[in-house]
Structures are given as structure tokens and as C-alpha cells.
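Since the structure comes first, as C-alpha cells, the remarks are kept for the end.
All chains are named by letter (A, B, ...) in the order of the sequence lines, taking the proteins before the strands, and each is independently numbered beginning at 1.
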Amino acid sequence: AQSVTQLDSHVSVSEGTPVLLRCNYSSSYSPSLFWYVQHPNKGLQLLLKYTSAATLVKGINGFEAEFKKSETSFHLTKPSAHMSDAAEYFCVVSEGTSYDKVIFGPGTSLSVIP
Amino acid sequence: NAGVTQTPKFQVLKTGQSMTLQCAQDMNHNSMYWYRQDPGMGLRLIYYSASEGTTDKGEVPNGYNVSRLNKREFSLRLESAAPSQTSVYFCASSWTGSNSPLHFGNGTRLTVT
């Protein structure tokens, strides 16, 4: 069965420093992987998506993620945090074609300190 | 371009009351979904509609019903609300295929007392 683990429930960084949000997954197949961001009182917005093309995926707002099959990881990074990056981030795994096989991680809350 | 629109934004119900959450999308997507979000649990799928005319249960369907009214609209009904249904509800839509990105509405915050 597939699953998603987000290793940190909360991450705090200073503005201008790098961001690392960690995600590990398990899947019986070659999954698609996503990162979504949720700002307060808003819906989720797609940051980036991996679907077996390039292992380094670039997303919106300067975020990127690297798919490492050997480590079953899909960590999200950004070189320099901005105040507007403060939000909840969700790692999502999807396998096969069944819509009920889209699994959300529990989320990581990112705080950015001025 | 509105995307996915959910109504209402907030609702308070007493135990046993019923209500319907409305969702509409203007992106011509085939598939629509209802999720609930609870602290520390990510999003859990309640029901989904892979295409117009079909609906299927997700991970947590008990206590809910859905209607895919047409291609644009997908409603979620609570027949007899319970405190355990206090949550934030999100509607989403996508193109066909579970590998297609989801587009979310801004959510409905429901409190059941």
C-alpha cells in the first residue's frame, strides 16, 4: 500500500535562508508525486509535479524538488525563503489510475522569521 | 476565471441538522472530488466523481452523500450532522486520470455543535 511521510510537522527558517521540507513515500508502482501549498484560509495550490520525466522538478515561486527513487524521497527546496512562503505544504503520492489512490501527507507548516 | 467555487464559506449546524455544500468548476474538468481536512491528518477523500454521471466512495464516506448534477457541479450532503463532521471541506476538480493535478476551492468551514 502506498503512504506518504512528511518528516517535520513544523519548520522555521529566517528570511533569506534555504528551505528544506522533507517527504518520503512508499509505493508499489512508479508513482506520480506532487507538492501543494496552502496559505491560511485558502485552498491548496499546486507547486510542482513529478511524473517520471526529469528527476529534478522546478515549480512556481522558486521551489524545486528532486525525486530519488533509491531513497524513496521527494524533498522540496528553495534557495532563499521569503515571508510570503509561510504556509502549509503537502506532499502527495498518486499511483495507478484510481482516483482513491491519491494520498496526502499530513503537512508541514513553514514559518519564516523576519 | 473563477476556477472552483464553493458555497457557503462558513456554516454552523446543530447535531442532527442537514445541509448541502455546493461546488462548481468552470475549467471543463471531467473529475471532481470532495475532501475533508482535519489537523495533522492531511486531506482525506470523501467521495469522487471520475466523470459526469458516476460517483464513488473515497476513504471516509460514512455520513455523506453526493450528487454530480452536471459536468460543472458536484454537491456534498450531510443528512444528519454529527460533531465528528466538524471539519474544513474542500472541493477539487481535475482532468481525467489520477495523475492530473487537482484544482481546489477555498473551502467550507463547518462546525457541528
Interchain contact, Gln6(B) with chain A, by part (heavy-atom threshold 4.5 Å): neither
Which bit of Arg44(B) comes within less than 4.5 Å of chain A, counting heavy atoms only: side chain, backbone, both or neither?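 For Arg44(B), there is no contact with chain A at all, as no heavy atom is under 4.5 Å.
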For the residue pair Phe74(A) and Trp35(A), categorise the inter-ring angle as parallel (less than 30°), tilted (30 to 60°) or perpendicular (more than 60°).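 Aromatic pair Phe74(A)/Trp35(A) classed parallel.
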Relative to the ring of Phe104(A), is the ring of Phe90(A) parallel (under 30°), tilted (30 to 60°) or perpendicular (over 60°)? perpendicular
Give, as side chain, backbone, both or neither, the part of Lys42(A) having an atom under 4.5 angstrom from any heavy atom of chain B. both
Sort Gln6(A) into side chain, backbone, both or neither according to what part of it lies under 4.5 angstrom from a heavy atom of chain B.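 Neither; nothing under 4.5 Å.
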Report the C-alpha separation of Phe63(A) and Tyr89(A) in whole Å, then their side-chain angles, then the decisive distance to 0.1 Å, and conclude whether the ring pair (Phe, Tyr, Trp, His ring centres under 6.0 Å) test is met. CA-CA 12 Å; Phe63(A) 284 93; Tyr89(A) 291 79; 5.6 Å; yes
Residue from Thr5(B), Thr7(B), Leu76(B) passing side chain to side chain contact (heavy atoms under 4.5 Å, CB included) with Gln22(B):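 Exactly one pass, corresponding to Thr7(B).
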